[in-house]
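To start, the structure under review is shown below, and the notes come after it.
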2 protein chains.
Amino acid sequence: MSNADRHGLIAKAVRDSGGATVQELAELTGASEMTIRRDLDTLAAQGVLERVRGGARTLLLRGEEPPFALRAHEAVDAKRRIAAEISALVADGESILLDSGTTCLEVARLLRERPVTVMPLSLQAVHLFAETPGPATLVVPGGQPRAAEGALTGPLTLASLAALRFDTAVIGCCGLSAADGLTAYDLDDAAVKKAAIASARRILVATDGGKLGRTAYAYVGPSSLLHTLVTDATAPADEIAALEGAGTLVKTV
Amino acid sequence: MSNADRHGLIAKAVRDSGGATVQELAELTGASEMTIRRDLDTLAAQGVLERVRGGARTLLLRGEEPPFALRAHEAVDAKRRIAAEISALVADGESILLDSGTTCLEVARLLRERPVTVMPLSLQAVHLFAETPGPATLVVPGGQPRAAEGALTGPLTLASLAALRFDTAVIGCCGLSAADGLTAYDLDDAAVKKAAIASARRILVATDGGKLGRTAYAYVGPSSLLHTLVTDATAPADEIAALEGAGTLVKTV
DNA sequence: CCTTTCGAACATTAGTAATGTTCGTTACGG
DNA sequence: CCGTAACGAACATTACTAATGTTCGAAAGG
């Protein structure tokens with residue numbers, strides 16, 4: 001069992017039952033108590049759970065966004081396929097604005113090998129491009145990194161977006177429905193997404209099916225702004241139909 | 001012998017004699033020819049040297065800036081001491097603009113542990129802050145990363161600088177003398193440094209003694225703009241005296 | 001056309017990270 | 001104030017990964 005697998009198990013167990021003791025988790029995972037303690041420290045540092053004497057407790061009593069460290073390992077296959085489709089929709093030479101989020105990070109991995117100009121809105125993606133120099137040209141937006149993901153937000157980000165125009169924006173989302181439009185968990189994020197959409201000629205949305213029909217609390221804009229949505233087979237059919245009715249081209253991979 | 005040591009040896013041998021064969025380098029380092037070939041590929045990718053059949057050739061026939069990958073391992077001790085002194089000159093709570101360069105990267109390492117707001121002008125430093133969350137607040141400037149170091153340049157960087165004001169700017173340099181002022185190897189870099197100096201109330205310069213009295217080709221500004229210079233004992237005494245005469249406080253560590 | 005160099009593929013080694021164990025210290029409950 | 005359980009530092013051990021060396025067929029140069 002890999003390190004990440006065990007972390008996932010622990011996080012799930014703690015979230016499902018609201019809390020767990022070190023002993024229980026050691027039994028569940030087959031690891032020693034010491035290892036569990038170290039894992040709990042790591043997860044607590046990532047904001048996944050709260051450490052208490054004898055075990056750990058969930059932090060997610062409110063309907064919050066799950067921590068990035070966890071989301072990154074969920075539905076990786078679907079994200080890869082979605083990212084591949086997005087990459088296929090992009091032509092060589094385009095200038096591309098890349099939103100934050102785990103799905104967009106997969107898109108970044110693919111775009112590294114393409115002769116395109118990319119401005120990523122998360123530090124994680126910036127690192128990706130900076131570490132492995134490829135044919136792609138990197139432009140870094142200003143801003144203040146938010147949370148573990150390094151999503152860039154704030155006036156500097158908005159100013160960077162206002163100063164540039166892109167052929168294509170690849171947007172991720174926390175919630176999307178025909179009725180409530182595109183929504184995000186965070187007000188600052190929503191402002192950035194709004195500006196991103198305004199700075200690009202063509203808007204692609206990349207999101208797994210679980211986000212469709214859901215509504216987060218910060219409103220970004222109506223679904224009619226979105227030209228193409230790439231999602232996976234878990235997306236509810238009625239929601240897809242509604243979005244297509246509103247003028248968005250939907251691709252399921 | 002560590003990997004980096006061997007790379008240093010190879011780079012030095014190639015630079016000193018203008019070129020070397022794989023056999024010579026294998027003999028010099030005690031490693032196998034295959035390892036040398038792999039090293040040469042790596043160094044060529046970093047722009048340290050040029051690969052030719054049978055060996056490698058130096059690229060530095062003109063008076064260019066040595067590659068970042070090499071500079072990072074030179075005079076590390078002096079850079080650490082200079083960085084420590086710079087850190088001591090900074091008070092908790094300040095907002096700090098941090099230039100690109102290897103010396104400033106050492107300053108970044110120390111500032112991570114301090115409750116300050118930092119905007120680094122290189123991606124390497126941005127990574128440093130993003131990876132290890134500490135008490136420091138990170139602000140990312142926009143821009144296009146230049147070369148291996150990730151020095152941010154261009155209109156987005158200048159716009160980010162124009163939008164903000166800092167308590168202190170920590171500037172690195174390629175050349176500094178009382179007669180020719182502060183100079184850089186690259187025009188874009190020089191423009192960024194100029195804007196950085198204009199955006200801060202107090203200007204600290206961190207540079208090893210080897211840069212004093214030297215002049216690179218892109219002019220940034222006169223030495224009178226600089227409030228404090230921190231350098232090491234290898235700095236020529238006459239140059240220090242001249243800079244002090246022009247109004248700069250010089251600290252030797 | 002021959003020689004030398006190159007680099008892919010695998011074997012081997014060195015180095016590093018993860019895990020487990022022990023044991024003294026610390027925090028909570030009575 | 002004491003006892004018990006939990007904690008975490010320090011070390012031993014294991015597992016993994018990266019680095020290096022070897023071999024050999026292919027490719028480049030003269």
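Numbers restart at 1 for each chain; the letters A, B, ... are given by sequence-line order, proteins then strands. Computation of the quantities below employed the complete heavy-atom set of this structure, encompassing side-chain atoms and omitting hydrogens, waters and symmetry-equivalent molecules.
Residue B:Ser32 places at least one side-chain N or O closer than 4.0 Å to OP1 or OP2 of D:dG21. For the pair A:Asn3 and D:dA15, the criterion of a side-chain N or O lying under 4.0 Å from OP1 or OP2 is not met.
Along DNA chain C, the nucleotide nearest A:Arg53 and the nucleotide nearest A:Arg38 are compared for position; the residue whose nucleotide lies closer to the 5' end is A:Arg38.
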### Task
Would you please test B:Gln144 and B:Thr153 for side chain to side chain donor-acceptor pair (under 3.5 Å) and show each step?
CA-CA 5 Å; B:Gln144 286 157 281; B:Thr153 57; 5.9 Å; no
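The CG-P distance, from A:Leu40 to D:dC7, rounds to 8 Å in whole Å. With rounding to whole Å, A:Glu27 atom CD is found 15 Å from C:dG20 atom P. Distance CZ (B:Arg37) to C1' (C:dC6): 6 Å, rounded to an integer number of Å. We find that CE of B:Met34 is positioned 18 Å from P of D:dA18, with the value rounded to whole Å. Counting to the nearest Å, the P atom of C:dT5 and the CD1 atom of B:Ile36 are 14 Å from each other. Rounded to an integer number of Å, the gap from CG of B:Asp39 to P of D:dG21 is 9 Å. Counting to the nearest Å, the C1' atom of C:dA17 and the CZ atom of A:Arg6 are 12 Å from each other. In this structure, A:Asp41 atom CG and C:dA18 atom P are separated by 14 Å, rounded to whole Å.
A donor-acceptor contact under 3.5 angstrom links the side chains of B:Thr35 and B:Ser32, judged on distance only.
Of the candidates D:dA6, C:dA18, D:dG21, D:dA6 carries the atom nearest the A:Gln23 side chain, counting heavy atoms from C-beta on. Checking D:dC7, C:dT19, C:dG7 against every side-chain atom of A:Val22, the shortest atom distance belongs to D:dC7.
A 6.0 Å sphere centred on CD of B:Glu27 holds no more than 12 heavy atoms belonging to other residues, nucleotides or ligands.
Listed by chain and number, the residues in a salt bridge (Lys or Arg N to Asp or Glu O under 4.0 Å) with B:Arg109 are B:Glu106 (sequence neighbours excluded).
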